[in-house]
2 protein chains.
Amino acid sequence: MTSIPFRSGPDQAAAAERSDAARNRKRLLWAAKELISECGAGGLTMDRLAERAGVGKGTVFRRFGSRAGLMLALLHDSEVDFQSRFMFGPPPLGPGAPALERLVAFGAGRIAYVVEFGDLVLAAEDASRGRFDVPAAALWHRHIEVLLDDAGFDADSWLMAGSLGAALDPERLLDLVRRHGVAPERLVASWRDLVTRVVRPA
Amino acid sequence: MTSIPFRSGPDQAAAAERSDAARNRKRLLWAAKELISECGAGGLTMDRLAERAGVGKGTVFRRFGSRAGLMLALLHDSEVDFQSRFMFGPPPLGPGAPALERLVAFGAGRIAYVVEFGDLVLAAEDASRGRFDVPAAALWHRHIEVLLDDAGFDADSWLMAGSLGAALDPERLLDLVRRHGVAPERLVASWRDLVTRVVRPA
DNA sequence: AGACTAAACGGACTGCGGTCCGGTTATATT
DNA sequence: AATATAACCGGACCGCAGTCCGTTTAGTCT
């Protein structure tokens, strides 16, 4: 699936990670979840995490590279789940439904995902240089592009996929939901409207 | 125009700012431009700025509130210029042209603006909690919304305006131009395509 | 078992944005 | 001119993400 720089399957790690490293990774992820459920994602600092997990700060950064990397690791499981649902799961999200319906379902799924994991998603995007490095982002982009093509879109589908993806930007979605009290269903309706118009033949 | 928390007209400041404050603001803005032209926007730190301007660090934050506020102040003139062009200037950007053409022109203008002031715009968006506080953002949003209505858009024009605005997100635009080598004209073409499809009657 | 090595460890350190508060100074008032 | 006061000034200080490097240790080879 998406290639992540560090092992993350809870069991598979196999022949490449020392036992103390594995033990510390577990401790760190556990402590991170604990801290987040206590203080929210914003209350998780790298120092506190290191202390709580009983490891040195250097170890935290060795494992996850950055705060954003840690958040990505915490999201990894649900991320993979969502990915496999829209790539291999049942229609209309997965293959088998008309492209337009899949596009609508994709947006709806993404909106639900962002609403559910709010702060984590936000924190994961910080990765200094760009939220376009998030490996999953390339996948979504490509997915939208392919669906556009399938739906008979006849212009620059690569750029259009990016524009549509921007409408699903987590920061925007969460701002609408949290600060403007917009109901997620209304977001889904607007997304449906958007993609329908974009795909609709001249 | 957009209400900015600190005085910024080079002359008008009038009856509310002590002379030493005015002098220091000038020094700071001057030093900021100097530093940016030497080291780029990324090389401007608040400490360096304070030192270069010969003032204390506290003064910098008193004047501009944050790094993002400083960047906003640096952009203020060109921002106001752009705003008055699309609000009062000649068509197709200003009033007088059909709504769809104005929408296209607005996107083109914004793209050109972002490409020109790249790093500054990026730095101005950092404002910790959200890039939706930037006073100008509300104006663009409203502008797009009104143009959508004028063009006969018959659905949730407020949310649609936000979705379209997201396609003009500076971080995205600059990533496309700088890291993917996309020509600005291609961005404009894609924007035209997007708004045309969105506005096009069923 | 003993020695070797590459990997992992930990915590002091840096540079950053941002805050705080005691001292200073411009301006209005009498 | 003397006084009062509100605004301003400066730089020590804080918490943060991220780096560096000397030390320890797990896994391997003989």
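All figures in this text were calculated on a predicted structure; none of them were measured in a lab. By convention in this document, chain letters (A, B, ...) are assigned in the order of the sequence lines, proteins followed by strands, and residues within each chain are numbered from 1.
- Following rounding to the nearest Å, B:F64 (CZ) and C:dT19 (P) show an atom-to-atom distance of 15 Å.
- Taking atom CG of residue A:D47 and atom P of nucleotide C:dT14, one finds them 16 Å apart after rounding to whole Å.
- OP1 or OP2 of C:dA8 has not a single side-chain nitrogen or oxygen of A:R25 nearer than 4.0 Å.
- Closest to the B:R67 side chain, of the nucleotides D:dA26, C:dT27, C:dG18, is C:dG18.
- The existence of a salt bridge linking B:R52 and B:E38 is confirmed by a sub-4.0 Å separation between a basic side-chain nitrogen and an acidic carboxylate oxygen.
- Candidate nucleotides C:dT27, C:dA8, D:dA17 were compared by shortest atom distance to the side chain of B:R18, and C:dT27 ranks first.
- Atom pair A:R52:CZ and C:dG11:P shows a separation of 17 Å (rounding to whole Å applied).
- Distances shown here put a side-chain N or O of B:T59 below 4.0 Å from the OP1 or OP2 atom of D:dG10.
- In terms of position on DNA chain C, the residue among B:T45 and B:R23 whose nearest nucleotide sits closer to the 5' end is B:T45.
- Side-chain proximity of B:V55 to D:dC9, D:dG10, C:dC16: nearest is D:dG10.
- Listed candidates were D:dA17, C:dC9, D:dG10. Nearest to the side chain of B:N24 is D:dG10.
- If you find the closest nucleotide of DNA chain D to B:G56 and to A:R48, the one lying nearer the 5' end belongs to B:G56.
- Among the nucleotides C:dG17, D:dC8, D:dG18, the one closest to any side-chain atom of B:M46 is C:dG17.
- Look at CG on B:L49: it is 14 Å from C1' on D:dG10, rounded to the nearest Å.
- For the residue pair A:S157/A:D149, the side-chain donor-acceptor check at 3.5 Å is satisfied.
- Ring planes of A:F82 and A:F86: perpendicular class, angle over 60° (limits at 30 and 60°).
- Looking at the side chain of A:A21, the nearest of the listed nucleotides C:dT19, C:dA8, D:dA17 is C:dA8.
- Distances were taken from every side-chain heavy atom of B:R63 (C-beta onward) to each of D:dG10, D:dC8, C:dC9; the shortest belongs to D:dC8.
- With no hydrogens or angles considered, a side-chain donor-acceptor pair links A:R172 and B:S163 at under 3.5 Å.
- Out of C:dC9, C:dG17, C:dA12, the shortest distance to the side chain of A:K57 is found at C:dA12.
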